[in-house]
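This report refers to the structure that appears directly beneath it.
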Amino acid sequence: MINKATIARKAALQVAVSSLMHFLVDGLCISCVYLMTWPFDIPQLAGILLTYNVLAFLTQPVTGHWTDSCRQRHWLLLTAVLLLTMAVLATACVVTVRPSVTGMFGVAVLLGLGNSLFHVWGGQLTAVSTANDIRAVGTFVSTGAMGLAVGFVYYSWPMVYVFLLMLVALAVASVAMTGGTAVEQRSTAAAHEAFAHRHGWLLAGLAMVALMAFVLGRSYVGQAFSAGMPKGSTVMLAVGAVSMAGKMAGGWLARWWGVVPSMAAVVIAVAACLLLRDSGTAVLVAGLFLINCTMAVTLYLANIVLAGHEGLAFGLLAAALMPGYLLAML
């Protein structure tokens, strides 16, 4: 019989591997998008970015529900990696062999669906393998921000190929490590039973809507902080690093000081940064860090409200990011 210490070590290794893959996936996707800037103009690039983001974010409730109902979830990871591999090959074809708008949007579809599948797979695995440990949840979601920054600044064919090879190797290692099935510690199922039976499904649904509304607002505020910063490669990398640090730190703060006290302090500090955002870059950086501290908490709470459906919970919150992002772009 596997003891608790062994289970915890295995879960920690799973989180570490999936977090590194998150960095690679987001870096790979944005790199493929920007590698297509050479044959195409700005309106076409805007179209591919919108297509990619819509598919990557708004399909996650569907792929998340599929993840929850799938018994052998390693096939979801392998399917995601296959889609991303096809996207890289399609990008090479579109850029170097036969540039076409149709091919460009085909790449966006492959990237978006591969990205969507990977995220809900990783989010669900992290939640169930760590019994919804808020620190682990924050760690998994944090690395994508840095992957986006690195992919945007350093996009190139060598980097894409290296990222893809590393992703394939880690996916194979993840499947081998879990034997196809992650070790699950579903202590959140008990919380779900208590929440649903004590408060009713209507209140559970309203709680989820409230979390999604908060995520939408957070997306808008985060964009407001980052948009006010000076432009440039160094700043882009700094934004990625600050966002990653905030997402990771939020889980630890909530674990040390409690969810309510820590997040109340964070929200008050974010409000202060918003009021003082014209005071300089330091305030914008602080605001960006603090607003990202809330991400681990919203996922943690969503996993409690929808325990047993952690993939759907992750997908719903991911979908809620999109309207805030679009509002900030207006």
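In what follows, every heavy atom counts, from backbone to side chain, and hydrogens, waters and symmetry copies are set aside.
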ILVMFWY cluster, [X] and [Y] together (side-chain gap under 4.5 Å):
X    : Y    : value
L50  : L58  : yes
L321 : V62  : no
M248 : L253 : no
V242 : V235 : yes
W252 : F289 : no

Any side-chain heavy-atom pair of [X] and [Y] under 4.5 Å:
X    : Y    : result
M166 : M21  : no
L20  : T143 : no
L49  : I30  : yes
W66  : V120 : no
L84  : L110 : no
F118 : L83  : no
F314 : T67  : no
C29  : Y52  : yes

Does any N or O in the side chain of [X] come within less than 3.5 Å of the main-chain N or O of [Y], such that one atom is a donor and the other an acceptor?
X    : Y    : result
E310 : G308 : yes
T126 : G123 : no
S142 : T139 : yes
T294 : I291 : yes
S174 : L170 : no

Closest non-hydrogen atom pair between [X] and [Y], with its separation:
X    : Y    : value
A87  : V107 : O-CG1, 4.2 Å
M104 : V94  : N-CG2, 4.0 Å
M208 : A302 : CE-CB, 3.6 Å
A149 : G240 : CB-CA, 3.9 Å
G311 : D68  : N-OD1, 2.8 Å
G138 : A296 : CA-CB, 3.6 Å

Check this for me: [X], atom [atom1], are more than 12 non-hydrogen atoms of other residues, nucleotides or ligands nearer than 6.0 Å?
X    : atom1 : answer
W157 : CH2   : yes
Y161 : OH    : yes
Y300 : OH    : no
M159 : CE    : yes

To the closest 0.5 Å, what do you measure between [atom1] ([X]) and [atom2] ([Y])?
X    : Y    : atom1 : atom2 : value
I48  : C32  : CD1   : SG    : 9.0 Å
R135 : W256 : CZ    : CH2   : 9.5 Å
L290 : L288 : CG    : CG    : 9.0 Å
Q124 : F140 : CD    : CZ    : 11.0 Å
D26  : F163 : CG    : CZ    : 10.5 Å
L306 : L301 : CG    : CG    : 11.5 Å

Fit a plane to each ring of F152 and Y34, take the angle between them on a 0 to 90° scale, and name the class: parallel (under 30°), tilted (30 to 60°) or perpendicular (over 60°). perpendicular
Stepwise side chain to side chain contact (heavy atoms under 4.5 Å, CB included) check, L237 with S233: CA-CA 6 Å; L237 292 172; S233 298; 5.5 Å; no
Between H22 and H119, does the side chain to side chain contact (heavy atoms under 4.5 Å, CB included) criterion hold? Intermediate values first, please. CA-CA 7 Å; H22 190 182; H119 278 78; 2.9 Å; yes
Criterion side chain to side chain contact (heavy atoms under 4.5 Å, CB included) on Q60 and T63, from CA distance to verdict: CA-CA 5 Å; Q60 285 194 42; T63 53; 4.1 Å; yes
Would you sort out whether L211 and V215 count as a side chain to side chain contact (heavy atoms under 4.5 Å, CB included), showing the intermediate values? CA-CA 6 Å; L211 287 171; V215 168; 5.5 Å; no
